[in-house]
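Following: one structure in structure tokens, then a few remarks.
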Amino acid sequence: MIQIRDFNKHENENVTVQGWVTNKRSSKGLEFIILRDGTGFAQCVVSEEVVATKVFADAKLTTQETSVKLSGKIVKDERQIGGYELQINDIEIISIAESYPISNKEHGVEFLMDKRHLWLRSKRQWAIMQIRNKIIFSIHKFFQQEGFVQADAPIFTGNAVEGTTTLFSTEFYGEDAYLSQSGQLYGEAMAMALGKIYTFGPTFRAEKSKTRRHLSEFWMIEPEMAFYDLDMDMDLIEQFIKFVTNEINETCKAELEIIERDTTIFSKIVEQKFPRLTYDHAVKILKGEEKVNGKTTIETLEADLAEVKANIEALNKEIAEKEVAIEAGVSKGQRNFMQNKIDTLKNDIKDLEVKAKNIPEWLQSAKDFTYGTDFGGSDETVITRMFDVPVMVYNWPHEIKAFYMKRDAGSPHLAKGVDVLAPEGYGEIVGGGERETDLNLLIEKINEHKLPMSAFEWYLDLRRFGSVPHAGFGLGLERMVAWICKLPHIRETIPFPRMYGRLLP
RNA sequence: UCCUCCUUAGCUCAGUCGGUUAGAGCACCUGACUGUUAAUCAGGGUGUCCUAAGUUCAAGUCUUAGAGGAGGAGCCA
């Protein structure tokens with residue numbers, strides 16, 4: 001028994017594979033079965049001339065998602081996705097599938113989410129899960145190579161890190177408890193014991209967010225390093241993102257091709273230095289007061305808008321031409337094809353029109369930006385639009401950052417935090433910074449944030465007993481997957497997403 | 001919590017100014033074709049128009065309320 005992944009090692013050999021029929025095409029005397037086995041997809045051909053009558057009849061019986069065991073010879077064929085196909089001489093049906101709900105055609109989001117347990121079988125979802133796995137693996141690889149120890153934070157916690165409103169509350173042997181929204185504080189404790197650590201675990205946020213960027217349950221990686229300052233932290237983040245991007249680019253070529261990811265950006269990320277902007281600097285760029293590569297945000301976005309409008313016009317023209325052609329009379333097949341194409345173009349226009357409507361709003365919001373506040377989603381899009389690679393924004397007004405962020409000794413109104421904004425409109429994928437070491441400042445901050453001091457006594461101990469400079473960051477795994485795969489929505493980055501209104505399947 | 005949009009066949013959607021019997025593609029079935037890549041071609045029928053109330057001679061279409069969904073704001077990774 002071999003796997004589709006290993007077809008290239010068995011050219012011209014007779015082998016047996018088992019899997020599921022994911023699609024089937026037929027022609028006189030020929031059946032083309034596209035088989036999937038979890039490791040890949042391969043075309044398997046049954047020829048009536050070659051096989052026993054029973055074998056050909058069985059091949060005809062198979063339906064989409066029928067499980068089968070196939071025997072035959074592996075033959076090189078450049079036209080196939082993996083480069084090989086199986087010429088079948090025997091078939092054993094394991095279980096005939098009843099009418100399968102997910103066809104090879106278009107489906108809506110709600111339908112597919114309700115069928116998520118089956119949707120995962122489709123090629124695109126398979127590729128995304130393979131990439132997710134490789135991302136997880138390369139994250140571990142990077143930190144382990146760099147001498148980090150994986151050390152996990154608890155999931156049940158007795159206190160909120162940054163206020164209680166966003167947590168899922170539960171009960172722990174009669175006491176009020178919450179599901180962890182971050183392992184940050186525990187990470188600091190573990191770094192004081194082990195030097196350099198990283199946590200890798202689930203995180204829970206109870207915000208009723210319904211957006212393409214939010215999950216209620218997601219996986220977060222939080223490294224924490226003793227004797228690190230903000231600059232060292234930023235160096236590490238950049239090195240880390242470059243490493244993971246490069247690993248995926250090199251080891252997931254087939255998967256990236258299936259999801260049609262434009263990979264030219266990956267080499268730029270590996271080669272170019274990530275811009276590091278202070279918050280003040282980022283605000284100037286955002287408001288169009290400073291040029292990047294000779295252009296302001298205003299000029300760039302106005303050019304984008306003109307391009308979008310030109311695209312809409314071009315698509316409308318294409319639709320009109322096709323409609324004229326249909327009026328004039330064409331064969332039924334051509335008419336269907338054109339009608340389908342028109343529908344696709346109309347959807348494209350809808351997307352572009354949303355964009356055309358958004359751009360002026362983004363510009364206005366950028367111009368009106370108030371210094372001292374946090375960037376909104378559109379502000380992040382505008383800033384990252386100016387660069388090809390992730391952008392690091394550091395030295396934030398301390399009021400908008402968490403209580404544990406270190407104040408800048410030179411400019412006390414600033415906190416030494418850093419946000420990494422991914423390009424292509426994906427926004428914040430990493431948030432981190434250097435941690436406050438001054439015991440009195442921390443106490444002051446905990447009071448300011450109205451957090452219960454008793455719950456933080458253990459945390460303050462870290463400053464009482466051999467306090468050292470330290471820093472770390474948090475990476476949202478699903479946001480990383482979404483960006484690497486350039487997915488329109490975070491719900492496709494995790495096998496069974498949990499979000500507001502979605503608890504099943 | 002707030003704003004905008006959506007709900008019509010198994011799926012994706014169209015349905016004009018409120019007007020006759022509710023439309024298409026796909027899926028499915030039958031047939032044709034010896035190499036298909038979402039194969040193609042011919043034929044075959046499918047409806048609680050989300051629910052309730054209202055306006056009207058007449059409601060898929062208009063009004064109100066409700067349910068479900070999508071996108072966004074806030075918040076964040």
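All values below come from the heavy atoms of this structure, side chains included, with hydrogens, waters and symmetry mates left out. Chain identifiers are assigned alphabetically (A, B, ...) following the order of the sequence lines, protein sequences preceding nucleic acid strands; residue numbering begins at 1 within each chain.
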Should A:E434 and A:K416 count as an ion pair when the cut-off is N to O under 4.0 Å? yes
Hey, are A:E65 and A:R121 close enough for a salt bridge, meaning a charged N less than 4.0 Å from a carboxylate O? yes
Would you measure the distance from the P atom in B:rA70 across to the matching atom in B:rU64 and give it in whole Å? 24 Å
State plainly whether the residues A:R385 and A:D304 are in salt-bridge range, i.e. N to O under 4.0 Å. yes
A:Q184 CD to B:rA77 P, straight-line distance once rounded to whole Å: 10 Å
NZ of A:K76 versus P of B:rG35: gap in Å, rounded? 23 Å
Would you mind telling me which of B:rG72, B:rA77, B:rC75 lies closest to the side-chain atoms of A:E207? B:rC75
Do any N or O atoms from the side chain of A:T39 and from the backbone of A:R5 form a donor-acceptor pair under 3.5 angstrom? yes
Residue pairs involving residues 357-382 of chain A (criterion ring-ring contact (aromatic ring centres under 6.0 Å, His included); sequence neighbours excluded): A:Y279-A:Y371, A:Y279-A:F375, A:F369-A:F375, A:F375-A:W396
Under 4.0 Å, counting only non-hydrogen atoms across every strand here, what does A:I429 touch: a base, just sugar-phosphate, or nothing? sugar-phosphate
Looking only at atom C1', what distance separates B:rA73 and B:rG19, rounded to whole Å? 43 Å
Electrostatic pair A:D90:A:K54 at N-O distance under 4.0 angstrom: no
When the C1' atoms of B:rG45 and B:rG25 are compared, how many Å lie between them, rounded to an integer? 15 Å
For the residue pair A:K115 and A:F111, would you count it as a cation-pi contact if the rule is NZ or CZ under 6.0 angstrom from the ring centre and within 45 degrees of the ring axis? yes
How is A:S26 classified with respect to the nucleic acid when contacts are heavy atoms under 4.0 Å: base, sugar-phosphate, or nothing? base
Would you say a side-chain N or O of A:R213 is under 4.0 Å from OP1 or OP2 of B:rA73? yes
Measure all distances between protein nitrogen or oxygen atoms and nitrogen or oxygen atoms of nucleotides 9-11 of chain B, and list the pairs falling under 3.5 Å.
from	atom 1	to	atom 2	distance (Å)
B:rC11	O2'	A:E106	O	3.0
B:rC11	O2'	A:H107	ND1	2.6

Quote, to the nearest angstrom, the P distance that separates B:rU55 from B:rC11. 34 Å
Can you tell me whether the side chain of A:E85 and the base of B:rG35 have a donor-acceptor pair closer than 3.5 Å? yes
Report the residue (A:K208 or A:R479) whose heavy-atom-nearest nucleotide on RNA chain B is the more 5′ of the two. A:K208
Roughly how far apart, to the nearest Å, are B:rC57 and B:rG72 at atom C1'? 44 Å
Pair A:R276 + A:D235: basic N to acidic O under 4.0 Å: yes
Nucleotide B:rA77, atom C1' - distance to CD1 of A:I490 in whole Å: 8 Å
Residue pairs, two or more places apart or on separate chains, that pass ring-ring contact (aromatic ring centres under 6.0 Å, His included) and touch residues 70-91 of chain A: none
When the ring planes of A:F456 and A:F403 are compared, do they come out parallel, tilted or perpendicular, using 30° and 60° as the limits? perpendicular
Any A:R212 side-chain nitrogen or oxygen under 4.0 Å from OP1 or OP2 of B:rG71: no
Identify whether the distance between the nearest side-chain nitrogen and carboxylate oxygen of A:R491 and A:E110 falls below 4.0 Å. no
Return the value, rounded to whole Å, for the distance between atom CZ of A:F168 and atom C1' of B:rC75. 14 Å
Expressed in angstrom and rounded to an integer, what is the separation of A:I494 atom CD1 from B:rA77 atom C1'? 13 Å
Side chains of A:L477 and A:R132: does their closest heavy-atom pair fall under 4.5 Å? yes
From CD1 of A:I96 across to C1' of B:rC28 the rounded distance in Å is 16 Å
Below 3.5 Å between N/O atoms, which protein atoms pair up with nucleotides 66-70 of chain B? Just atom names and distances, please.
from	atom 1	to	atom 2	distance (Å)
B:rA70	OP2	A:K210	NZ	2.8

NZ/NE/NH1/NH2 to OD/OE distance under 4.0 Å, A:K445 and A:E436: no
When syn is taken as a glycosidic angle within 90 degrees of 0, is B:rC6 syn or anti? anti
For A:Q64, report the nucleic acid contact type (base, sugar-phosphate, nothing); a contact means any heavy atom under 4.0 Å. nothing
In numerical order, the residues of residues 214-221 of chain A whose heavy atoms come under 4.0 Å of RNA chain B are A:H214, A:L215, A:F218, A:M220
Considering only atom P, compute the distance from B:rU16 to B:rC50 and round it to an integer number of Å. 14 Å
From B:rG35, B:rC76, B:rA38, pick the nucleotide closest to the side chain of A:N23? B:rA38
Note: A:E255-A:R261 ion pair, threshold 4.0 Å (strictly below): no
Could you state the atom-to-atom distance from CD1 of A:I237 to P of B:rA77 in whole Å? 12 Å
Once Watson-Crick and G-U wobble pairs under 3.5 Å are found, how is RNA chain B written in dot-bracket notation, 5' to 3', with | for any base paired to another strand? (((((((..((((.....[...)))).(((((.......))))).....(((((..]....))))))))))))....
How many Å lie between CE on A:M405 and P on B:rC76, as a whole number? 11 Å
Looking for any heavy atom pair under 4.0 Å, which part of the strands does A:Q43 touch: base, sugar-phosphate only, or nothing? base
For the P atoms, the ones on B:rC5 and on B:rA22, what distance do you get once it is rounded to whole angstrom? 30 Å
Rounded distance in Å between the C1' positions of B:rU12 and B:rG47: 16 Å
Consider the side chain of A:R205, meaning its heavy atoms from C-beta on, and name the nucleotide among B:rA38, B:rC76, B:rG74 that approaches it most closely. B:rC76
Run the ring-centre check on A:F218 versus A:F204 and record whether the distance is less than 6.0 Å. no
Taking the basic N atoms (NZ, or NE/NH1/NH2) and the acidic carboxylate oxygens, is any pair closer than 4.0 Å for A:D419 and A:K401? yes
